[in-house]
Amino acid sequence: MTYNGTPVEGASIAFVPVDQSNGRNANGLSNAEGLFQMGTFEGTDGVVPGNYQVMITKFETSETPEALPEDDPNYDPNPKPQPPPENLLPEKYASADNSGLTVTVEDGNEITDLKFDLQD
């Protein structure tokens, strides 16, 4: 998987069945080269045959501030809520309905060359 031609590390990929009544979601995570393996039940066990819409997200990792003890002079009894992490990929890819990405998995055929090149 690439974004504007550059491999994306740490992106979450989800395959969402087009027929929700007869399918199972599959999930994967991209590595430093943008490669990923999908899993349905556990780990990277593959994908149940069917037609899927694809959603891809990559959220920034943020440091969670350390809780201060109550006797610390900087202690705030009413801390401000942390903003939600920012999706680092275009928002359209965060929705299976809007991403425009689809995959068909056929029974007995392993897909080893699936590529997603995300664009702005």
Side-chain angles (χ1 to χ4, degrees):
M1 169 187 352
T2 58
Y3 174 44
N4 291 330
T6 303
V8 179
E9 179 178 12
S12 296
I13 302 102
F15 288 7
V16 179
V18 172
D19 180 0
Q20 291 284 329
S21 66
N22 191 25
R24 293 192 172 267
N25 286 19
N27 298 289
L29 188 67
S30 64
N31 67 15
E33 290 82 40
L35 303 175
F36 59 94
Q37 291 183 309
M38 302 300 291
T40 300
F41 301 102
E42 57 184 57
T44 57
D45 61 359
V47 179
V48 175
N51 295 313
Y52 296 88
Q53 293 175 301
V54 180
M55 56 188 274
I56 302 173
T57 55
K58 178 181 177 175
F59 291 101
E60 67 181 350
T61 54
S62 60
E63 296 286 320
T64 304
E66 239 179 81
L68 297 172
E70 288 186 29
D71 59 354
D72 188 294
N74 296 317
Y75 175 76
D76 182 356
N78 299 305
K80 295 181 181 136
Q82 294 295 315
E86 181 184 348
N87 183 5
L88 302 175
L89 298 172
E91 200 58 38
K92 71 177 181 179
Y93 297 113
S95 164
D97 291 330
N98 297 330
S99 74
L101 304 173
T102 60
V103 174
T104 298
V105 177
E106 296 178 2
D107 195 12
N109 288 346
E110 184 176 356
I111 301 173
T112 58
D113 59 350
L114 186 60
K115 292 181 175 75
F116 297 117
D117 183 23
L118 311 184
Q119 300 291 321
D120 281 329

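Please read all numbers here as calculations on a predicted model, not as lab measurements. Computation of the quantities below employed the complete heavy-atom set of this structure, encompassing side-chain atoms and omitting hydrogens, waters and symmetry-equivalent molecules.
- Atom CD of E106 sits in a sparse spot, with 12 or fewer heavy atoms from other residues, nucleotides or ligands closer than 6.0 Å.
- By the 6.0 Å contact criterion, CD on E110 is open, its count of non-hydrogen atoms from other residues, nucleotides or ligands being 12 or less.
- Two residues are said to be in side-chain contact when any heavy atoms from C-beta on lie closer than 4.5 Å; S99 and K92 fail this criterion.
- With hydrogens and angles ignored, the 3.5 Å screen pairs a side-chain donor or acceptor of Q20 with a backbone N or O of P17.
- Side-chain atoms of N4 and T6, non-hydrogen and from C-beta on, never get closer than 4.5 Å to each other.
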What's the verdict on side chain to side chain contact (heavy atoms under 4.5 Å, CB included) for D97 and Q53, showing C-alpha distance, side-chain angles and the deciding distance? CA-CA 7 Å; D97 291 330; Q53 293 175 301; 3.4 Å; yes
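- There is no path of hydrophobic side-chain contacts, each under 4.5 Å, that joins V18 to Y52.
- Under the 4.5 Å side-chain contact rule for hydrophobic residues, F59 and Y93 do not share a cluster.
- In this structure, V103 and F15 have side chains that are in contact, with non-hydrogen atoms separated by less than 4.5 Å.
- Note on Y3 and I13: same hydrophobic cluster, where clusters join Ile, Leu, Val, Met, Phe, Trp and Tyr whose side-chain heavy atoms are under 4.5 Å apart, directly or indirectly.
- D45 contributes a side-chain N or O that, together with a main-chain N or O of T40, makes up a donor-acceptor pair within less than 3.5 Å.
- The nearest pair of heavy atoms linking P7 to A32 is CB-O, 3.7 Å.
- Smallest separation of non-hydrogen atoms from N25 and V16: OD1-CA, 4.0 Å.
- For the side-chain contact (heavy atoms from CB on, under 4.5 Å) test, residues two or more places apart in sequence or in another chain that qualify with D71 are P69.
- Between the side chain of T104 and the backbone N or O of N51 there is no donor-acceptor pair closer than 3.5 Å.
- The hydrophobic clustering, which links ILVMFWY residues whose side-chain heavy atoms are closer than 4.5 Å, places L35 and L114 apart.
- L29 and M38 are members of different hydrophobic clusters when ILVMFWY side chains are connected at heavy-atom separations under 4.5 Å.
- At least one donor-acceptor pair under 3.5 Å links the side chain of K58 to the backbone N or O of E9.
- Counting heavy atoms from C-beta on, the side chains of L89 and T57 never come closer than 4.5 Å.
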Would I111 and V105 count as a side chain to side chain contact (heavy atoms under 4.5 Å, CB included) here? Give the steps. CA-CA 8 Å; I111 301 173; V105 177; 4.0 Å; yes
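- M55 approaches S95 most closely through the heavy-atom pair CB-C, 4.0 Å.
- Annotation: side chain of M1 is in contact with side chain of I56 (closest heavy-atom distance under 4.5 Å).
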Check the pair L118 / V8 against side chain to side chain contact (heavy atoms under 4.5 Å, CB included), numbers first and verdict last. CA-CA 10 Å; L118 311 184; V8 179; 5.6 Å; no
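- Between F36 and F116, the ring planes are parallel. Angles under 30° get that label, and only those over 60° would be called perpendicular.
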